[in-house]
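What follows is one structure encoded as structure tokens, with my remarks underneath.
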Amino acid sequence: MRLTVNARPPFSLSAVVGSHGWVRLAPFARDPDTGALVRVEQLDSGQVVALRIEEEADPGGAGSGVSVATEASLTEAEGQEVTDKVGWMLGLDQDLTPFYDLAREEPKLARMEERAQGRLLRSPTLFEDVVKTILTTNTAWSGTIRMAEALVSQYGAPLPGDPKRRTFPTPDRLAGTDEETLRAQARLGYRAPYVLALARDVASGELDLEALKDSDLPTVELRKRLLALKGVGGYAAANLLMILGRYDYVPVDSWALKMVSREWYGGEPVGQAEVEAAFERWGEWKGLAYWFWDWSDTG
DNA sequence: GGTAGACCTGGACGC
DNA sequence: GCGTCCAGGTCTACC
């Protein structure tokens with residue numbers, strides 16, 4: 001079965017997929033031959049399907065959306081669910097025009113509009129993105145990849161016909177495990193109690209993470225909600241705010257400190273304040289300006 | 001409000 | 001092969 005989902009222009013699937021490292025975290029994957037974004041997903045009906053997402057070019061040649069293929073046939077409701085999830089994952093209705101208007105004047109960002117950059121690849125649920133963001137903290141990227149793969153392979157729902165391919169585990173599934181198992185089998189280390197507490201709070205209904213996706217809360221309040229989650233500090237909250245389409249904060253990690261040091265401080269050590277000051281002029285767009293800054297000439 | 005130390009893992013390194 | 005050191009954010013206790 002094949003669905004077509006339109007995007008607000010400018011749009012480029014490869015720009016979204018290449019926006020950050022999420023595509024390398026299971027169950028996301030990229031087809032090495034075609035570049036298609038693939039992912040196993042469980043629908044509300046319980047059916048587990050493999051999604052294959054490819055650029056859908058308009059007659060003029062410019063990207064105008066994506067096609068989504070599944071081997072299984074879908075009911076109308078399932079098709080709508082897939083459309084909604086893909087729309088969220090790729091940010092298809094996002095309008096970055098105000099940012100592009102500013103970025104055009106900055107040589108380090110000027111090509112973003114032409115390249116249709118600015119959207120960040122997201123997971124279908126905020127729960128998955130919070131878990132993955134926790135898995136990025138205080139570890140090398142290879143560790144994040146390993147931990148995400150472990151969660152999917154050990155707790156995800158299998159794809160019928162190809163059970164090695166699995167979904168990201170639901171909060172219910174993770175809530176049913178325990179800290180020691182997450183430490184010993186998924187090798188989450190000290191992050192295990194954070195992920196477990198998050199899963200149990202979401203599974204019990206005590207925490208409605210998904211409601212934050214379209215929240216009207218001011219960014220400052222939204223940030224407080226995220227910081228209240230165990231394992232989510234300043235960097236993680238800023239990263240999650242970017243995923244939610246709020247760019248008021250810069251996710252300052254060790255890489256950000258290094259790049260800002262080289263770009264503006266001659267290699268002298270800098271702190272969080274210097275990174276924030278470097279992008280202060282971008283106001284509500286400072287996270288995007290930082291994320292897509294062209295560091296290619298930076299020492 | 002600011003800071004030091006602990007948390008946990010895997011990889012790099014020296015022996 | 002083994003032991004040691006280090007990188008990577010967040011939390012907690014303490015000042």
Side-chain angles (χ1 to χ4, degrees), chain A residues 19-26 120 122-123 126-155 169 174 177-202 206-207 209 212 219-244 246-263 265 267-280 286-287 290-291 293 295 298-299:
Chain A
S19 59
H20 60 152
W22 252 214
V23 70
R24 296 177 63 193
L25 300 182
L120 296 173
R122 327 187 251 211
S123 303
L126 188 57
F127 170 73
E128 180 178 332
D129 277 337
V130 174
V131 171
K132 285 179 169 173
T133 299
I134 291 174
L135 300 187
T136 66
T137 61
N138 205 24
T139 187
W141 181 241
S142 60
T144 304
I145 292 174
R146 173 186 51 77
M147 289 184 269
E149 175 59 34
L151 288 180
V152 168
S153 64
Q154 293 170 29
Y155 305 107
L174 287 180
T177 182
D178 59 75
E179 185 180 326
E180 276 314 299
T181 307
L182 286 176
R183 280 180 188 270
Q185 293 185 9
R187 311 295 289 171
L188 298 192
Y190 69 90
R191 300 167 198 82
Y194 302 154
V195 170
L196 185 60
L198 183 76
R200 288 183 173 168
D201 286 349
V202 172
E206 189 177 320
L207 174 63
L209 270 186
L212 300 183
T219 305
V220 171
E221 291 303 317
L222 204 48
R223 180 170 179 267
K224 285 181 183 173
R225 299 284 179 94
L226 295 168
L227 288 173
L229 305 173
K230 289 287 186 187
V232 174
Y235 158 79
N239 190 58
L240 289 164
L241 284 172
M242 296 254 294
I243 282 172
L244 290 169
R246 312 284 188 109
Y247 311 107
D248 311 55
Y249 294 87
V250 177
V252 181
D253 58 6
S254 55
W255 191 82
L257 297 174
K258 183 167 70 178
M259 299 315 285
V260 168
S261 162
R262 289 178 179 174
E263 180 91 344
Y265 291 87
E268 290 298 308
V270 301
Q272 178 159 345
E274 284 77 17
V275 176
E276 288 170 353
F279 291 93
E280 187 59 39
K286 57 173 81 76
Y290 159 72
W291 200 257
W293 195 259
W295 305 98
T298 306

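Letters A, B, ... mirror the listed sequences (proteins, then strands); counts begin at 1.
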OP1 or OP2 of dA7(C) under 4.0 Å from side-chain N/O of Ser254(A) | no
Atom CH2 of Trp255(A) and atom P of dA7(C) are separated, to the nearest Å, by 18 Å
Contact list for DNA chain C against residues 222-241 of chain A - heavy-atom distance below 4.0 Å = Leu229(A), Lys230(A), Gly231(A), Val232(A), Gly233(A), Gly234(A), Tyr235(A), Ala236(A)
Take atom CZ of Arg200(A) as the centre, draw a 6.0 Å sphere, and report whether it contains more than 12 heavy atoms from other residues, nucleotides or ligands.
-> yes
Please report, rounded to the nearest Å, how far the P atom of dT9(B) is from the CD atom of Glu149(A).
-> 18 Å
Look at the side chain of Tyr190(A) against the base of dG9(C) and say whether a donor-acceptor pair falls under 3.5 Å; ignore hydrogens and angles.
-> yes
Rounding to a whole Å, what distance do you find between Arg183(A):CZ and dC8(B):C1'?
-> 8 Å
Arg146(A) side chain N/O closer than 4.0 Å to the phosphate oxygens (OP1, OP2) of dT9(B)?
-> no
Rounded distance in Å - CH2 (Trp141(A)) to P (dG11(B)) | 15 Å
Find the distance Leu151(A):CG to dT9(B):P and express it as a whole number of Å.
-> 14 Å
Nearest heavy-atom neighbours spanning Asp129(A) and Ile243(A) = OD2-CG2, 3.5 Å
Under 30°, 30 to 60°, or over 60°: which ring-plane class applies to Trp22(A) and Trp141(A), parallel, tilted or perpendicular?
-> parallel
So, the side chain of Trp291(A) versus the backbone of Ser19(A): is there a donor-acceptor pair under 3.5 Å, distance only?
-> yes
Has Arg24(A) got more than 12 heavy atoms of other residues, nucleotides or ligands less than 6.0 Å from its CZ?
-> no
Starting from P on dT10(C), measure out to CZ on Arg191(A) and report it in whole angstrom.
-> 11 Å
N/O (side chain, Arg187(A)) to phosphate O (OP1/OP2, dG10(B)) under 4.0 Å | yes
Please answer whether the main-chain N or O of Thr137(A) pairs with a side-chain N or O of Arg191(A) as donor and acceptor at a distance below 3.5 Å.
-> yes
Whole angstrom is fine here: how far is it from CD1 in Ile134(A) over to C1' in dT9(B)?
-> 17 Å
Assess whether salt bridge (charged side-chain N to carboxylate O under 4.0 Å, His left out) is satisfied between Glu221(A) and Lys224(A), documenting all intermediate values.
-> CA-CA 5 Å; Glu221(A) 291 303 317; Lys224(A) 285 181 183 173; 3.6 Å; yes
Find the distance Leu135(A):CG to dG9(C):C1' and express it as a whole number of Å.
-> 13 Å
